[in-house]
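Read through the structure below, which is laid out as structure tokens, and then see the notes.
One is the number of the first residue; the rest follow in order along the sequence.
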Amino acid sequence: MPQLRLCHVEELPEGSARGFGIVSPGRDRMFLVKHQGVLHGYLNDCPHWPGSPMAWRRDAYLNPDATRIVCSGHGAEFDITSGRCTLGPCLDQFLAPVDLEIDHEGIVHAYLPDTQVGPHARG
Ligand code: FES
């Protein structure tokens, strides 16, 4: 299972999201969200149209008040903690979670499914 080094746990501010693992220009493999002090990782792949990226611009994975993950494709909203779609065309479907690990230096690592990982991690 490919491992991707993401960032230091303190780098991501509360209520923000950030993409990692570039697979093509403007598209990240996965994204991280910090919500209520907890990090959540998901693949950048909308369950409505598998293979479709979610953000309309870099790191734009959340609604304006940072309470939901949103897909720019057709406006689906997802619970940040569970990844479940709560509004939109893929209601009750789930984002694909990414296993995370924080090492002794506070660096967050992601364990991605066995598919292509982009050569550049943002960190
Ligand atoms: S592609 Fe995400 S809501 Fe349609």
Same apolar cluster: L12 and V70, side chain cutoff 4.5 Å: no
Shared hydrophobic cluster, I107 / L32 (ILVMFWY, side-chain heavy atoms < 4.5 Å): no
With D79 via side-chain hydrogen bond (donor to acceptor under 3.5 Å, both in side chains) - residues at least two apart: S82
Closest non-hydrogen atom pair between A76 and P89, with its separation: CB-CD, 4.1 Å
Which atom of C71 lies closest to which atom of C46, heavy atoms considered: SG-SG, 3.7 Å
Side-chain (D59) to main-chain (G19) donor-acceptor, under 3.5 angstrom: yes
R18 side chain to L6 backbone, donor-acceptor under 3.5 Å: no
Pairs involving residues 89-106, ordered by first then second residue, that meet salt bridge (charged side-chain N to carboxylate O under 4.0 Å, His left out) (sequence neighbours left out): R84-D92
Plane angle bin for W49 and H74 - parallel if under 30°, tilted between 30 and 60°, otherwise perpendicular: perpendicular
Least distance between heavy atoms, P47 atom then Q93 atom: O-OE1, 3.4 Å
Spacing of NE2 belonging to H109 relative to SG belonging to C7, to within rounding of 0.5 Å: 10.0 Å
Nearest atoms (heavy-atom pairs only) where A110 meets M30: CB-SD, 3.5 Å
Donor-acceptor pair, side chain of K34 and main chain of V9, under 3.5 angstrom: yes
Contact summary for R27 and G51, nearest pair of heavy atoms: NH1-O, 2.9 Å
Check: N44 side chain, R29 main-chain N or O, donor-acceptor pair, under 3.5 Å: no
Validation row: T67, E77 side chains within 4.5 angstrom (heavy atoms): no
L112-L100 co-clustered via ILVMFWY side chain contacts under 4.5 Å: yes
Spatial distance of atom NE2 (H8) from atom CD1 (I102) [nearest 0.5 Å]: 9.0 Å
Remaining members of the apolar cluster that contains Y61, side-chain heavy atoms under 4.5 Å: F31, V33, Y42, M54, L62, I69, F78, I80, L95
